[in-house]
Amino acid sequence: MNFILVILFLGLFLQVVFSYKKSIYEDEPVYDYSAYTECKSTPEDPLYNGGIIKNQAPTIHNSRSINSSALVLNNLTGNTIYSFSSWVKIRTGAASAVIKASLTTDNVTVKCIGNVIAKNGCWSFLKGGFVLDLPSKYGLVYFENSHVGQMDIAISSSSLQPFTEQQWKLNQQNIINTERKRAATLHVTDANGNRIQGAKVVIEQTSRDFPFGSAIANTILGNSQYQNWFVDRFNAAVFENELKWYSTEPKQGEVNYTIPDQMLQFLRKNQIIVRGHNIFWEDPEYTPTWVRNLTSPELKSAVKSRIQSLMNQYKSEFIHWDVDNEMLHWDFYEQKLGPNASLEFFQIAQELDPLARLFMNDYNVLETCDDVNSTVDAYVLRLQELEHGGVVMDGIGLEGHFTIPNPPLIRGILDKLATLDLPIWLTEVDISKNLDQETQAKYLEVVLREVYSHPSVNGIMLWTALHPYGCYQMCLTDNNFNNLPAGDVVDSLLKEWQTAAVEGETDEHGAFTFNGFLGEYMVTVSYNNRTVYSTLSLCQGDETKHLYISHM
C-alpha cells in the first residue's frame, strides 16, 4: 500500500476572514492603512473620524517663517502610540515646500512627527505620529516650513488616534496572521475515497517564503564557521561593498570580478537569493577617484563600459539592482552628464537584464522626517520621473539606518509608499553604534516587528556584514559567532516567524488543519504501519489550501 498525493485549491468564503478579524479586534481600535500621494482639490475625511481631536477647530500658530493652523492636545496619556495625519495646503508664499509637523508638550518636544511636500492650490496628505512615554496635560502640534521665506498654510481633516502598546501589537499580529500565514487542510482517504480517522500527521517547515537576510563581505570566503552561521539563518543576501565600482575597478581598465564571483558561488550553492548593490553611487565620496577626475566625454564612456561589463557578467544572477544609489541626496553623475543621467542608467539596466527588478535605494526615508531631501513625497516624485521617462520601476528600496525608531512614522510612510503598488524592501537595516548593545537590540526589534507586519513590505535585509574590526554600525555576533543582544533578537524573531513542527491525527472527517507561515513544508502521514513523505507549498492567498492523500 502507498499514498498518492494530489494538491488542490478550494475556495474559502471571504466572510470567514472578515469574521476572524472582527473576533480579534472586538472593540479595539483597528489601524487605518489609508494614505494618499496625489495632491487633491479637496481633502478626504479625517481618519478615525478625527480620533481624539474630533471636531476640533485649529488655532493660529505664528513663527518667524510660517503662519499656520495648529492643534491643541489635552490630557495625552503615557506609554501610548499616537497615529497622526492631516491634509496640508499652501495658501501664499510658495508654489511648493516641505512642511513638517512638530510636537511640543509640557514634558517633551518632538521636532518632527511627519512631513509632506505641500503645494499651492491643492491639498497634500501628511501621515506619521509619535510615541509618548509620559502623560502630558497639554500639547501642541504645529507646522513648520523647511524652506526660507514667509508662508501661510492651511490644514484640514486632521486626526490623532491613540493606541496602547498592546493594541499596536494586536494590529501587527493581525497582519502577520493574514499576510504572512495561510491555512491548510490535509484530507486522508482510502482508495475508494472513504475518510480515514486517526492517521498520524507530522508537518515541518523546511524553508521560509519571506526573504530575510543580511549583507555579507568577502570575510565570509573560506570561513566555514561564518558560512554555516549565515546559512542556518538567512535566505537572502547582499554584498556590502564587493560589487561597487570602486571595488571591481579600482584603477581604470583593471576590472576584476574574482571576489564577487566567489561570493556568488557560495550563495548559489546554498540556494540563497542575492540583491545587486550597486551599479552606480551618486555620492562622489564613494565614486572611484579616477572616475571623479574624468572629463564629461570620458565619464560618459566609462559609465557605459561599467554598466555593460557588470550586467553582462551577472545577467540573471541578482533578483534586484540598486541602479543608482542615494539619488535623493547626491547628484554627481547628473552634474557631470546632465539631468537625464540617472534615467539613462535605469534604461540601460532594464535593457541588459530585463528579468531583474530595478530599485531606487535611499536613506532617511523611514528613519526620520527631519531630512528634507528624503521625504516620502520626494521619493515618490523621483520614482515617477523615472517612470515618465519610460523606465518600468520594480521596487522601493529603503535603507533603514536607525537611531531611535518612531513606529507610527515608519508605518505612516510605508502606507504612503504602498499606494504605488510596488514591492517595498528594507535594504540595509541597522541601529546606530552610538547606542549600547542592549539598546541597539531593543530598537532593532521595534523596527523589525514594524516592517515585517506591514502588508506592503516584501523583504528585509540587515546591514551586518562581519569584519575583524566589527560591523558598519551593528553586529549580530562577536568574531567567535557568539550572539550579541541584536543577534538574540534576530534568532528569536526568526523562530517566531517560522512554523514550529506540527503533529496530530486526522479527525472523524479524515482531515487535519493547521495555519502556517508561507514557505515549503515536509509532510509525513502514517497509518496502519505505512508512512509516506511529501511536500506542501504555502504561498500567499486568501483561500485555504487543501492537500488530498489517498490511501491505496
Side-chain angles (χ1 to χ4, degrees), residues 37 96 98 115-117 146 215 238-241 243-246 275-288 291-292 294 296 299-300 302-304 306-307 310-311 318 320-353 356-401 413-414 416-417 419-420 422-429 461 463:
T37 52
S96 67
V98 176
N115 62 29
V116 68
I117 296 181
S146 300
V238 61
F239 299 164
E240 185 180 45
N241 297 311
L243 208 63
K244 293 168 183 172
W245 199 355
Y246 61 71
R275 301 191 72 251
H277 176 80
N278 53 55
I279 303 175
F280 297 108
W281 196 344
E282 286 289 348
D283 187 348
E285 182 179 353
Y286 299 105
T287 301
V291 172
R292 296 200 299 265
L294 297 177
S296 292
L299 179 60
K300 187 172 184 179
V303 298
K304 181 179 180 181
R306 156 70 175 174
I307 194 169
L310 185 68
M311 301 199 74
F318 296 104
H320 305 158
W321 281 108
D322 291 333
V323 177
D324 195 11
N325 206 43
E326 298 176 356
M327 298 161 55
L328 299 180
H329 289 88
W330 314 97
D331 61 353
F332 170 79
Y333 293 101
E334 296 193 346
Q335 288 284 344
K336 294 281 189 176
L337 301 175
N340 290 326
S342 297
L343 173 62
E344 292 175 4
F345 296 161
F346 279 87
Q347 289 172 332
I348 296 171
Q350 183 174 282
E351 180 180 329
L352 292 176
D353 195 354
R357 288 185 173 270
L358 306 185
F359 271 62
M360 279 182 58
N361 191 55
D362 224 305
Y363 63 93
N364 279 353
V365 182
L366 279 185
E367 299 94 314
T368 179
C369 57
D370 281 319
D371 187 343
V372 298
N373 292 311
S374 55
T375 67
V376 60
D377 298 286
Y379 194 111
V380 171
L381 288 172
R382 194 63 194 272
L383 189 145
Q384 290 173 339
E385 287 175 4
L386 295 170
E387 289 181 329
H388 293 157
V391 175
V392 179
M393 291 303 299
D394 296 307
I396 295 168
L398 308 171
E399 292 184 13
H401 298 293
I413 291 169
L414 290 173
K416 290 189 68 170
L417 289 171
T419 64
L420 303 177
L422 289 173
I424 299 173
W425 278 60
L426 275 290
T427 58
E428 304 179 17
V429 176
M461 304 295 294
W463 202 249

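All values below come from the heavy atoms of this structure, side chains included, with hydrogens, waters and symmetry mates left out.
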Which atom names give the shortest non-hydrogen contact between [X] and [Y], and what distance separates them?
| X | Y | result |
| --- | --- | --- |
| Glu334 | Glu282 | N-OE1, 4.1 Å |
| Val372 | Thr375 | O-CG2, 3.6 Å |
| Ser342 | Met327 | CB-CE, 3.7 Å |
| Leu310 | Asn278 | CD2-O, 4.5 Å |

How far apart are the C-alpha atoms of Asn325 and Asp283, what are their side-chain angles, what is the distance that settles it, and do they pass the side chain to side chain contact (heavy atoms under 4.5 Å, CB included) test?
-> CA-CA 8 Å; Asn325 206 43; Asp283 187 348; over 6 Å; no
With side chains defined as the heavy atoms from C-beta onward, is the minimum distance between [X] and [Y] less than 4.5 Å?
| X | Y | result |
| --- | --- | --- |
| Leu383 | Leu422 | yes |
| Trp330 | Pro284 | yes |
| Lys336 | Thr287 | no |
| Asn361 | His277 | yes |
| Ile279 | Phe345 | no |
| Leu243 | Phe318 | yes |
| Tyr363 | Glu428 | no |
| Trp281 | Lys244 | yes |

Kindly indicate, with the supporting measurements, whether the criterion side chain to side chain contact (heavy atoms under 4.5 Å, CB included) is fulfilled by Thr427 and Val238.
-> CA-CA 9 Å; Thr427 58; Val238 61; over 6 Å; no
What is the distance from atom [atom1] of [X] to atom [atom2] of [Y], rounded to the nearest 0.5 Å?
| X | Y | atom1 | atom2 | result |
| --- | --- | --- | --- | --- |
| Asp331 | Tyr333 | CG | OH | 12.0 Å |
| Leu386 | Asn340 | CG | CG | 10.0 Å |
| Ile307 | Phe346 | CD1 | CZ | 9.5 Å |
| Glu344 | Lys304 | CD | NZ | 11.0 Å |
| His329 | Asn373 | NE2 | CG | 5.0 Å |
| Gln350 | Arg357 | CD | CZ | 12.0 Å |

Side chain to side chain contact (heavy atoms under 4.5 Å, CB included) against [X], all qualifying residues, sequence neighbours excluded:
| X | result |
| --- | --- |
| Ser296 | none |
| Leu328 | Met360, Asp362, Val365, Ser374, Tyr379, Arg382 |
| Thr368 | Asn364, Asp370, Asp371 |
| Lys300 | Leu337 |

Give a yes or no answer on whether the side chain of Asn115 reaches the backbone of Cys369 with a donor-acceptor pair at less than 3.5 Å.
->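 Answer holds: yes.
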In terms of ring plane angle, is the pair Tyr286 and Tyr246 parallel, tilted or perpendicular, where the classes change at 30° and 60°?
->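 Because their plane-to-plane angle lies in the 30° to 60° range, the rings of Tyr286 and Tyr246 count as tilted.
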Partner set under salt bridge (Lys or Arg N to Asp or Glu O under 4.0 Å) for Lys416, not counting sequence neighbours |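 Asp377.
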Distance-only donor-acceptor hits, side chain of residues 387-399, under 3.5 Å, sequence neighbours excluded:
| from | atom 1 | to | atom 2 | distance (Å) |
| --- | --- | --- | --- | --- |
| His388 | ND1 | Gln384 | O | 3.3 |
| Asp394 | OD2 | Leu358 | N | 3.0 |
| Glu399 | OE1 | His401 | NE2 | 3.4 |

